[in-house]
Amino acid sequence: MAEIIAKLVKLYRETPKHWEGHIFGSMTTAPHPLAVYAYLLFIYTNYSDKEIFYTLKYFEEELFNSLNQYYGGVSGLLTSGGTESNFLALLASKKIFRDRENIVVAPDTVHVSIDKACNIMGCRVIKIETSNKPVDPYKVEEYIRRYKPFAVVITGGTTERGLIDPIKEVSDVAFDTNTYLHIDAAYGGLLIPHLYRHGYVEYDLRFYPGVSSISIDFHKNGLTPIPSSILLFSENNYRDQVCYETPYMLSRETCGLLGTRPGGALVATWAIWKYMGWKGFEELSLRMINLAYYLYKRLHEIPDLIIYEPILPIIPFKHKTIDTGKILEKLIKKKQYLYKAPSLKALRIVIMPHTKKNHIDKLIQTLKTILKTHKQ
Ligand SMILES: *Cc1c(COP(=O)(O)O)cnc(C)c1O
């Protein structure tokens with residue numbers, strides 16, 4: 001065993017860690033110690049079995065009651081991520097809106113997990129061209145009338161640009177046309193309501209009358225260990241659609257794509273929600289957007305960059321002449337990990353809960369060095 005542990009420690013040491021300040025692209029963060037503690041304490045529990053592990057019902061009920069007080073839904077489910085949440089939203093809508101075409105309408109900025117879900121479920125995704133702008137609600141209406149989709153998906157914080165689609169306006173369209181509307185707020189769900197109230201973003205996120213479901217990842221900006229995402233519904237009936245009878249178990253029904261699922265993830269999410277509260281996430285959102293503007297300002301010190309102003313704490317940028325892939329390669333050699341924003345042919349930096357000012361200062365320094373030496 002000592003040998004195995006030695007190996008574990010060795011590889012742990014060389015694995016990049018958020019708190020060391022090199023991770024600028026991944027939408028993951030270091031989980032909060034309280035969430036880790038809660039997770040470990042309940043690590044043996046199965047969230048699909050709420051009869052044996054009956055205390056999970058308490059955590060579930062309290063978590064979703066509290067979340068829905070703010071977002072305005074009526075029920076919910078803890079899932080393994082935005083991907084599973086998106087899948088389940090489409091599954092629920094497909095089962096309810098049987099009289100519609102086997103089509104999902106979404107802006108072309110929608111997350112790839114929607115394509116994945118339709119690939120598995122055998123539906124077709126029809127995309128509205130947006131040129132990387134928030135979708136035009138009139139276009140959504142036009143597409144709904146033309147294609148009669150069983151669901152429309154829009155995004156609260158796109159992965160590449162941090163765009164927010166006009167949630168209220170599209171909700172009005174969904175309401176008027178009696179269409180299922182899912183808001184994929186995997187990335188932006190914990191940020192948007194606060195940044196809206198403080199005047200940073202144009203659109204709010206909540207259950208307007210036309211919204212049927214909202215997904216929010218806690219393992220992105222919510223400080224929980226992976227996997228943790230929530231899916232909120234406007235009606236109990238939608239949740240029922242993604243729950244299946246499991247005759248051999250005491251609890252009889254299991255919900256979602258997974259069978260056995262981590263009870264620890266549910267408890268960790270409850271703990272962090274209890275600890276941070278609405279106020280805690282408000283402060284975190286403001287800290288992150290302010291850091292994003294700080295980074296935005298500092299990037300301007302570097303000549304010949306095209307820098308996109310942050311909407312949410314995501315900043316895409318590119319060089320006027322130097323190839324984005326080349327810059328990325330050089331950054332990786334210096335242990336600075338950024339992601340790409342292919343739709344803009346740019347790189348992108350995401351400010352996550354772990355990001356500190358001195359991480360940004362170091363990144364700027366590295367970028368300056370790389371771009372200077374490249375020219376020679
Ligand atoms: C991250 C993300 C997803 C996928 O979520 P996972 O938790 O990685 O499964 C879906 N949609 C959006 C907008 C995202 O940012």
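Every number for a ligand or one of its atoms is a count from 1 in the order of the listing. Throughout, numbering of the chain's residues begins at 1 and tracks the sequence.
Here E84 has no heavy atoms under 4.0 Å from ligand 1, in either its backbone or its side chain. Residue-level proximity to ligand 1 for D217 is carried by the side chain, the only part with a heavy atom below 4.0 angstrom.
Contact annotation: S113 has at least one heavy atom less than 4.0 Å from an atom of ligand 1.
A salt bridge does not link K148 with D99: none of the charged nitrogens is closer than 4.0 Å to a carboxylate oxygen.
For ligand 1 and G81, the ligand atoms under 4.0 Å from any heavy atom of the residue are 7 (O), 9 (O).
Below 3.5 Å of separation, one finds no N or O of T158 facing any N or O of ligand 1. Note: an N/O pair closer than 3.5 Å links H219 and ligand 1 by distance alone.
The protein non-hydrogen atom at the shortest distance from atom 2 (C) of ligand 1 is K220 NZ, 2.2 Å. Closest protein heavy atom to atom 6 (P) of ligand 1: G82 N, 3.3 Å.
Judged by a 6.0 Å distance limit and a 45° cone about the ring axis, R100 is not positioned over the six-membered ring of F97. Stacking of K168 on the aromatic ring of Y203 is not recorded, the 6.0 Å distance cut-off and the 45° axial limit not both being met.
For the 3.5 Å distance criterion, the side chains of Y294 and D361 qualify, holding a donor opposite an acceptor. The closest side-chain donor-acceptor pair between N86 and H111, if any, does not fall under 3.5 angstrom.
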If you look only at distance, which donor and acceptor atoms sit under 3.5 Å apart when one is on a side chain in residues 6-13 and the other is two or more places apart or in another chain?
none

